[in-house]
Amino acid sequence: MQHRRRGTVLDLRRENRAVVLSSLYFSRPSGRQDLSAVSGLSVTSVANVVRDLLDEGIVTEVGWENSDGGRPRVLLDIDPDYGYVIGVDISETRIRVGLFDLAMTERAKAVYPLNPAQHEVDEVVKNIASGLTAVLAEGGIDPAAVLGVGIGVPGIVEQDPEVLVHCQAYRWDAVPLERLLREHTALPLRVENGTRTMGQAEMWFGAGRGTRKTAVVLIGSGVGASLISQCGTCQGTVSRATEWGHTVVVVDGRRCRCGSAGCLEAYVGAEAILDRYGSPAVAPAGGEESMLAELIAAADSSPAANAVLAKTAEYLGVGIGSLINLFNPERVIVGGWAGLLLGGRLLPAIRESARRNSLRHLFAGASIELGQVGPEAVTYGAATLPMQDFLNGASRPPLRNRPASIGLQS
Ligand SMILES: [Zn+2]
């Protein structure tokens with residue numbers, strides 16, 4: 001019995017710590033009173049946790065805040081240099097690796113172009129390994145200070161018992177990505193679907209903040225969506241990736257990279273839009289972005305470009321209308337590099353098409369907005385995976401900070 005009671009006290013301390021750390025992270029900087037109000041914990045409990053966090057060097061005192069009529073209060077913040085996180089985005093056209101401090105400021109990056117038609121696993125693994133080395137060198141960061149690496153991948157990710165990636169468009173069939181990377185790095189790794197990592201970035205820092213039920217749509221060369229809702233039994237949110245891009249919108253339609261025909265992706269993915277416009281079949285590496293930007297710029301003077309974009313908005317509205325009908329989200333966020341480019345011009349037309357292609361009552365409860373985190377939201381979101389583990393207390397401190405580094409104030 002005594003053992004169980006001790007366990008409960010420890011659990012409570014761990015829980016309080018996670019709640020205070022997360023509350024501070026999302027309302028930085030804050031005083032102890034504010035943290036108490038945000039977290040729902042007593043000021044005494046908050047003060048106990050904060051004392052530990054100060055001792056460990058995770059939190060620092062950064063100044064004073066004048067309270068109405070009372071004594072000035074100490075403001076607390078997370079020390080951005082306590083540790084670092086790395087995000088990796090494996091997209092159709094490139095691999096991007098970003099190194100971030102705990103304030104999510106990007107400190108170094110590395111980009112490796114990929115041929116959209118070729119995603120050899122060995123090449124991808126080699127580029128990620130090179131990228132990890134490159135960003136640590138550019139940022140001047142000791143690997144022992146890194147909390148972990150998050151990797152956003154296309155396709156379906158199985159987590160148990162081993163991380164396996166299935167991506168039909170690249171002929172990735174049960175690719176053991178984590179195991180393959182393990183030969184190159186000892187850093188903690190988290191592999192997740194890229195639309196989910198982008199979704200987490202928008203929920204934490206962008207257009208999803210404050211929403212309870214959200215669909216996040218990623219449009220790049222390919223197309224995907226994740227669905228995010230408040231967790232009923234835990235703090236935070238739960239999300240799941242979908243293969244929305246491979247839902248059929250036209251019977252006997254255009255061939256899709258997945259092998260099927262008529263998929264949404266075969267109409268609204270950047271590669272498909274350029275193909276429908278008659279752009280060269282093989283874009284130069286990394287060239288799809290400039291080609292799509294040119295197409296959009298040409299739409300004012302070119303009826304052909306305008307027609308392709310109008311049809312794209314129509315199809316996107318059909319797809320988003322289905323998401324609204326199926327999932328009843330309060331917000332649909334359109335992101336991804338192509339989504340942001342297209343949305344700048346087409347958002348009103350996309351909304352109008354979604355209105356016509358969903359049920360009135362459900363559409364009335366949903367807003368359709370552009371992502372706010374920017375075109376690198378997948379990298380950014382991937383880096384939030386190890387960050388989330390850190391806030392929840394699920395990850396160990398960075399190697400250099402073990403054992404407890406009392407008094408380390410950077
Ligand atoms: Zn498909």
Side-chain angles (χ1 to χ4, degrees), residues 89-94 114-121 124 152-158 164-175 177 192-199 215-227 239-279 281-283 288-289 291-292 295 308-309 311-327 332 334-339 341-342 346 350 353-354 357-358 378:
D89 173 16
I90 305 174
S91 74
E92 294 87 353
T93 54
R94 61 188 186 154
L114 283 178
N115 181 338
Q118 287 179 340
H119 275 61
E120 302 302 330
V121 175
V124 168
V153 300
I156 298 159
V157 182
E158 265 185 281
L164 298 174
V165 183
H166 307 264
C167 184
Q168 215 164 307
Y170 302 143
R171 292 181 288 283
W172 282 21
D173 188 14
V175 170
L177 189 64
E192 194 47 84
N193 172 276
T195 57
R196 282 189 73 189
T197 74
M198 184 191 119
V216 178
V217 166
L218 189 159
I219 303 164
S221 246
V223 173
S226 61
L227 306 175
S239 78
R240 60 185 188 275
T242 72
E243 288 297 331
W244 177 66
H246 299 286
T247 49
V248 174
V249 292
V250 179
V251 174
D252 295 330
R254 288 167 49 85
R255 296 301 301 176
C256 180
R257 293 182 303 173
C258 73
S260 184
C263 298
L264 182 63
E265 179 174 306
Y267 293 88
V268 305
E271 194 180 308
I273 295 170
L274 292 169
D275 188 42
R276 282 166 47 227
Y277 183 54
S279 300
V282 179
E288 271 185 9
E289 294 187 36
M291 288 165 76
L292 185 63
L295 194 167
V308 166
L309 292 181
K311 211 67 186 161
T312 302
E314 182 73 26
Y315 283 121
L316 256 175
V318 168
I320 289 173
S322 296
L323 279 180
I324 289 172
N325 279 351
L326 288 169
F327 185 58
V332 179
V334 178
W337 68 264
L341 273 180
L342 293 165
L346 299 181
I350 293 168
S353 170
N357 291 290
S358 59
V378 173

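Each ligand, and each atom within it, is numbered from 1 in the order the structure gives.
By the ring pair (Phe, Tyr, Trp, His ring centres under 6.0 Å) test, Phe327 is found to be paired with no residue, residues two or more places apart in sequence or in another chain being considered. In terms of the ring pair (Phe, Tyr, Trp, His ring centres under 6.0 Å) criterion, His246 has no residue partners (sequence neighbours excluded).
For the Zn ion (ligand 1), the count of nearby protein N, O or S atoms, meaning those under 2.8 Å away, is 4.
Glu265 contributes no side-chain N or O that, together with a main-chain N or O of Cys256, makes up a donor-acceptor pair within less than 3.5 Å. Using a distance-only test at 3.5 Å, with no hydrogens or angles considered, a donor-acceptor pair links the side chain of His119 to the main chain of Glu92.
Within the structure, salt bridge (charged side-chain N to carboxylate O under 4.0 Å, His left out) pairs that include any residue of residues 240-256 comprise Arg254-Asp275 (at least two apart or interchain).
Between Ser221 and Arg257, the side chains place no donor N or O within less than 3.5 Å of an acceptor N or O (distance only, hydrogens not considered).
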